[in-house]
Amino acid sequence: MRALVVYESMFGNTATIARAVADGLAETFQVTVAEVHSRPPATGMDLLVVGAPTHAFGLSRSATRADAARQGEVRDGAQEYGVREYLDDLSLPAGSPVAAFDTKMNKPMLTGSAARKAARKLHGLGARVLLPAQSFRVGGTTGPLIDGEPERARQWAKTVAAAMPD
C-alpha cells in the first residue's frame with residue numbers, strides 16, 4: 001500500500017512532524033513525503049495525510065504566511081502555496097482514506113486548528129477521515145517542538161494505519 005504525507009511548514013516544525021508521521025506509517029505503507037508547494041499528486045495513493053501549521057485559528061492564507069515570514073526566516077517556497085490551496089485544487093475518489101494533523105502553539109486557551117479545517121475540507125471532497133484531526137505542540141511561533149511530540153506523531157501515525165479499512 002502507498003501513502004502520501006503532504007505538509008506545509010514555515011519554520012520546520014510541521015516538517016519534523018510530517019517525517020515522524022511518515023516513519024510511523026512506514027511499517028504498513030510505502031510512504032512519500034512532500035512539501036505542499038511541490039503540489040504532489042494524490043492519485044494512486046491508498047492513504048493521504050495532510051499537515052499544516054495553525055495560522056489565525058485555521059489553515060494559512062497568503063496574508064498569514066506573509067505575517068509568519070516577518071517573524072523569522074521561513075523555509076524556501078513556504079510562502080507561495082499552502083494546504084488550503086492544495087485542498088482547493090485536490091480531487092479524490094469518493095471514500096478515499098485520509099487523516100490530518102497540525103502544529104500549534106502550546107497555549108491551553110488558544111483555539112482553532114488547521115487540522116480540523118483540513119479534515120472538514122477533505123470530508124467535503126468525499127474522503128473518509130479515519131481519525132479525528134490531531135494537533136502537535138510547539139513552544140512558540142518559530143518553535144521548537146515540545147519534547148516528545150515527534151514520538152507522539154509516530155504513534156498517532158500507527159493508529160492511523162490501524163484504522164485503514166480492510
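Bear in mind that the values here come from a model prediction, so they are computed numbers and not experimental data. The residues of the chain are indexed from 1 along the displayed sequence.
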Closer than 3.5 angstrom, by distance alone: can the side chain of [X] be matched with the main-chain N or O of [Y] as a donor-acceptor pair?
| X | Y | answer |
| --- | --- | --- |
| T16 | G12 | yes |
| T32 | L4 | no |
| E8 | G82 | no |
| Q71 | A68 | no |
| R84 | L59 | yes |
| K104 | G112 | yes |

[Y] and [X], any side-chain heavy atoms less than 4.5 Å apart:
| X | Y | result |
| --- | --- | --- |
| V50 | V98 | no |
| M164 | T28 | no |
| V49 | W156 | yes |
| V21 | Y7 | no |
| F101 | T14 | yes |
| N13 | P53 | no |

Answer with yes or no whether the hydrophobic clustering places [X] together with [Y]; edges join I, L, V, M, F, W, Y residues whose side-chain heavy atoms lie under 4.5 Å apart.
| X | Y | value |
| --- | --- | --- |
| L145 | F11 | no |
| M1 | V33 | yes |
| M10 | I146 | no |

Problem - Exceeds 12 heavy-atom contacts within 6.0 angstrom, atom CG of D147 - result: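 No, CG of D147 has 12 or fewer neighbouring heavy atoms, counting only those of other groups under 6.0 Å.
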List the atom of [X], the atom of [Y], and the distance in Å for their closest heavy-atom pair.
| X | Y | result |
| --- | --- | --- |
| R152 | F136 | NH2-CD2, 3.4 Å |
| A115 | A100 | O-CB, 3.6 Å |
| L25 | A3 | CD1-CB, 4.3 Å |
| P150 | A20 | O-CB, 3.3 Å |
| G51 | V83 | O-CG2, 3.5 Å |
| A52 | A114 | O-CB, 4.0 Å |

Identify every side-chain donor-acceptor pair in residues 120-130 under 3.5 Å, counting partners at least two apart or on other chains, and give the distances.
unit_1, atom_1, unit_2, atom_2, d
K121, NZ, D88, OD1, 2.7

In Å, rounded to the nearest 0.5 Å, how long is the span from [atom1] of [X] to [atom2] of [Y]?
| X | Y | atom1 | atom2 | value |
| --- | --- | --- | --- | --- |
| I17 | T103 | CD1 | OG1 | 7.5 Å |
| N106 | E149 | CG | CD | 7.5 Å |
| Q79 | S62 | CD | OG | 8.0 Å |
| D23 | E151 | CG | CD | 9.5 Å |

Problem - Any pair counted as salt bridge (Lys or Arg N to Asp or Glu O under 4.0 Å), so long as it reaches residues 155-166, sequence neighbours left out - result: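 Residue pairs passing salt bridge (Lys or Arg N to Asp or Glu O under 4.0 Å), neighbours aside: E27-K158.
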Practice task
Scan residues 129-138 for pairs that pass side chain to side chain donor-acceptor pair (under 3.5 Å), counting only residues two or more places apart or in two chains.
Solution key: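 Every pair satisfying side chain to side chain donor-acceptor pair (under 3.5 Å) with a residue in residues 129-138: D102-S135.
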Taking distance alone, no hydrogens or angles, what donor-acceptor pairs closer than 3.5 Å link side-chain atoms of residues 38-48 to residues at least two apart or in another chain?
unit_1, atom_1, unit_2, atom_2, d
S38, OG, E35, O, 2.7
R39, NH1, H37, O, 3.4
D46, OD2, R2, N, 2.7

Exercise for the section: Taking side chain to side chain contact (heavy atoms under 4.5 Å, CB included) as the test, write out the residues that go with T64, two or more places apart. Expected result: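 For T64 the side chain to side chain contact (heavy atoms under 4.5 Å, CB included) partners, ignoring immediate neighbours, are H55, A56, S60, R61.
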Handout entry: Residues in side-chain hydrogen bond (donor to acceptor under 3.5 Å, both in side chains) contact with Y86, at least two apart in sequence or another chain
Key =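 Expected list: none.
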